[in-house]
Student: 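Before we start, here is the structure in question, set down as structure tokens.
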Amino acid sequence: VFGKDINLILVLNNLSSDRKSVRVDMSASTILYTRRAVAEILKAATSVELGPKQGKHIRVKIPYTHYGKYLTTDKRIQVTALCEVMRTHGLKLLVEKTIILEDTNIIIKLPRRVVVNKAVSLEISYANPLPEPVSRCVLLVTLMNQQVKINLARLVPRERSKIYFEFTPRRAGPLQLQVDFSCDKFSHVKGFVTIAVAPA
């Protein structure tokens with residue numbers, strides 16, 4: 001989840017009946033959705049001895065403090081591990097994983113029944129998932145082809161807050177509501193719901 005430390009496990013298995021010595025070079029970078037690297041956030045190397053038919057786990061931790069300021073709005077991190085089996089004429093194996101960090105910031109609560117031409121109050125809850133305060137918080141609400149910009153107070157680390165948003169639907173049928181939350185440390189955290197508007 002965005003704002004938390006990332007914990008990974010690389011599993012190495014020796015399928016042969018011979019002892020193996022493996023060098024592992026690990027790296028991680030924040031990337032765009034096109035897979036273009038933005039910034040390297042981890043570089044580490046280790047060696048592992050594997051007995052016949054033995055498996056071992058290598059734990060990797062990427063703290064938020066390493067990746068936070070380099071993350072793009074795509075919230076993607078590419079992790080690679082180059083595993084080289086020593087004394088085997090350069091036998092290598094490359095393992096890659098792309099991590100897309102989830103947002104759990106926006107929660108929209110609707111009343112049980114929404115009726116045309118009757119005022120509705122929605123609860124929009126938003127959060128700062130980071131271990132540091134955020135300021136210049138803005139909520140952009142898009143509904144019925146209109147956008148409303150709401151300036152919000154700063155949030156302390158891990159704080160959740162909420163506002164109430166009132167509107168009156170003018171026609172029956174499905175209505176899409178989209179919320180976009182931004183601040184000085186991250187931007188474009190989105191949430192949306194489809195509202196079923198009943199006839200009067």
Student: Before giving the answer on side chain to side chain contact (heavy atoms under 4.5 Å, CB included), spell out for Ile163 and Ile150 the whole-Å C-alpha distance, their side-chain angles and the decisive distance to 0.1 Å.
Tutor: CA-CA 10 Å; Ile163 62 162; Ile150 305 163; 3.6 Å; yes
Student: On a heavy-atom basis, which atom in Ala127 and which in Leu155 lie closest, and how many Å separate them?
Tutor: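 Closest approach of Ala127 to Leu155: C-CD1, 4.0 Å.
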Student: Less than 4.0 angstrom from a charged side-chain N to a carboxylate O is my criterion; do Glu96 and Arg35 meet it?
Tutor: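 So Glu96 pairs with Arg35 through a salt bridge.
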Student: Step by step, would you call Glu40 with Ser27 a side chain to side chain contact (heavy atoms under 4.5 Å, CB included)?
Tutor: CA-CA 7 Å; Glu40 188 173 71; Ser27 66; 4.1 Å; yes
Student: Hey, are Arg76 and Thr30 close enough side-chain-wise for a donor-acceptor pair under 3.5 Å?
Tutor: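 The answer is no; no qualifying pair exists.
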Student: Side chains of Gln146 and Val148: closer than 4.5 Å at any heavy-atom pair?
Tutor: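 A side-chain contact is absent here, since even the closest heavy-atom pair is not under 4.5 Å.
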Student: For a 4.5 angstrom cut-off between non-hydrogen side-chain atoms, does Ile108 reach Phe192?
Tutor: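 They are not in contact (no side-chain heavy atoms under 4.5 Å apart), so the answer is no.
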Student: Taking Leu32 as the starting point, is it possible to reach Tyr67 by hopping between hydrophobic residues whose side chains are less than 4.5 Å apart?
Tutor: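 Not linked; separate clusters.
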Student: Whether Glu123 and Lys162 form a salt bridge (side-chain N of Lys/Arg under 4.0 Å from carboxylate O of Asp/Glu) is what I want to check.
Tutor: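 Yes, charged N to carboxylate O under 4.0 Å.
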Student: Below 4.5 Å, heavy atoms only, C-beta onward: do Ile58 and Val48 meet side chain to side chain?
Tutor: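 Sidechains of Val48 and Ile58: in contact.
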Student: Quick check: closest heavy atoms across Thr98 and Gln78, and the distance to 0.1 Å?
Tutor: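 That would be OG1-OE1, 2.7 Å.
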Student: With a 4.5 Å cut-off on side-chain heavy atoms, are Val60 and Ile9 touching?
Tutor: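 A side-chain contact is absent here, since even the closest heavy-atom pair is not under 4.5 Å.
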Student: Determine, stepwise, if the pair Lys4 / Ile6 fulfils side chain to side chain contact (heavy atoms under 4.5 Å, CB included).
Tutor: CA-CA 6 Å; Lys4 301 279 181 71; Ile6 300 167; over 6 Å; no
Student: Does Ile99 share a hydrophobic cluster with Leu10, counting links as ILVMFWY side-chain heavy atoms below 4.5 Å and allowing steps through other members?
Tutor: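 Same cluster: Ile99 reaches Leu10 through Ile, Leu, Val, Met, Phe, Trp or Tyr contacts under 4.5 Å.
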Student: Verify, without hydrogens or angle tests, whether Thr194 (side chain) and Gln176 (backbone) share a donor-acceptor contact under 3.5 angstrom.
Tutor: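 Between the backbone of Gln176 and the side chain of Thr194 there is no qualifying donor-acceptor contact (under 3.5 Å).
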Student: Going by atom types alone, do Glu132 and Tyr64 pair a side-chain donor with an acceptor below 3.5 Å?
Tutor: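 The answer is yes; a qualifying pair exists.
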Student: Roughly how far apart are Arg113 CZ and Lys118 NZ, rounded to 0.5 Å?
Tutor: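 The distance works out to 8.0 Å.
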Student: What is the distance from atom NZ of Lys61 to atom CG of Leu42, rounded to the nearest 0.5 Å?
Tutor: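 Reported value, rounded in 0.5 Å steps: 12.5 Å.
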Student: Looking at every heavy atom in both Leu122 and Ile195, which two are closest together, and how far apart are they?
Tutor: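 Reported closest heavy-atom pair: CD1-CD1, 4.5 Å.
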Student: Between CG of Asn117 and OG1 of Thr168, what distance do you get to the nearest 0.5 Å?
Tutor: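 One gets 8.0 Å once the value is rounded to the nearest 0.5 Å.
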Student: Determine the minimum heavy-atom distance between Asn13 and Gly55, stating which atoms define it.
Tutor: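 In this case the closest contact between Asn13 and Gly55 is OD1-CA, 3.3 Å.
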Student: Using atom types as modelled and distance alone, determine if a side-chain donor or acceptor of Asp74 lies under 3.5 Å from a backbone N or O of Tyr33.
Tutor: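 Yes, because the side chain of Asp74 sits within donor-acceptor range (under 3.5 Å) of the backbone of Tyr33.
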Student: Quick one: are Leu177 and Val141 in side-chain contact, heavy atoms under 4.5 Å?
Tutor: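 Yes, their side chains come closer than 4.5 Å.
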Student: How close do Ser182 and His188 get, counting heavy atoms only, and between which atoms?
Tutor: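 That closest heavy-atom pairing would be OG-N, 3.0 Å.
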Student: Examine distances only and state if a side-chain atom of Ser16 and a backbone atom of Asp18 form a donor-acceptor pair shorter than 3.5 Å.
Tutor: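 Checking the backbone N and O of Asp18 against the side chain of Ser16, a donor-acceptor pair under 3.5 Å is found.
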Student: Please confirm whether the backbone N or O of Val156 pairs with a side-chain atom of Asn128, one donor and one acceptor, at under 3.5 Å?
Tutor: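 Judged by distance alone, yes, a pair lies under 3.5 Å.
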Student: Can you find a pair of side-chain heavy atoms, one from Met144 and one from Leu175, that are under 4.5 Å apart?
Tutor: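 Result yes, sub-4.5 Å side-chain heavy-atom pair found.
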Student: Mind checking the CD1-CG spacing from Ile41 to Leu71? Nearest 0.5 Å is all I need.
Tutor: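 Here the rounded value is 8.0 Å.
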Student: Following the transitive rule for hydrophobic clusters with a side-chain heavy-atom cut-off under 4.5 Å over Ile, Leu, Val, Met, Phe, Trp and Tyr, establish whether Tyr126 and Val189 coincide in one cluster.
Tutor: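 In one cluster: yes.
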Student: Would you compute the distance between atom CG of Leu82 and atom CG of Leu94 and round it to the nearest 0.5 angstrom?
Tutor: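 Reported value, rounded in 0.5 Å steps: 6.0 Å.
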Student: For a 4.5 angstrom cut-off between non-hydrogen side-chain atoms, does Ser121 reach Phe165?
Tutor: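 No, every pair of side-chain atoms sits at 4.5 Å or beyond.
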Student: Mind checking whether Leu140 and Val179 sit in one hydrophobic cluster, side chains of I, L, V, M, F, W, Y counted as touching below 4.5 Å?
Tutor: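 Different hydrophobic clusters.
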Student: How far apart are the C-alpha atoms of Lys149 and Val138, what are their side-chain angles, what is the distance that settles it, and do they pass the side chain to side chain contact (heavy atoms under 4.5 Å, CB included) test?
Tutor: CA-CA 7 Å; Lys149 182 180 177 181; Val138 175; 3.7 Å; yes
Student: When you group the ILVMFWY residues by side-chain heavy-atom contacts below 4.5 Å and let the links chain together, are Leu139 and Leu130 in the same group?
Tutor: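 Yes: a chain of side-chain contacts under 4.5 Å links Leu130 to Leu139.
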Student: Could you measure the distance from the NZ atom of Lys20 to the CE atom of Met86? Nearest 0.5 Å is fine.
Tutor: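 One finds 12.5 Å between NZ of Lys20 and CE of Met86.
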Student: Counting C-beta onward and ignoring hydrogens, is there a side-chain heavy-atom pair between Leu50 and Val22 closer than 4.5 Å?
Tutor: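 Leu50 reaches Val22 side chain to side chain.
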Student: Just wondering, more than 12 heavy atoms not from Lys190 lying within 6.0 Å of its NZ?
Tutor: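 Count over threshold, so yes.
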Student: Show the nearest heavy-atom pair for residues Leu12 and Cys83, with the distance to one decimal.
Tutor: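 Shortest heavy-atom contact: CD2-SG, 3.9 Å.
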Student: Anything under 30° is parallel, anything over 60° is perpendicular, the rest tilted; go ahead and classify Phe181 against Phe186.
Tutor: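 Ring orientation of Phe181 relative to Phe186: perpendicular.
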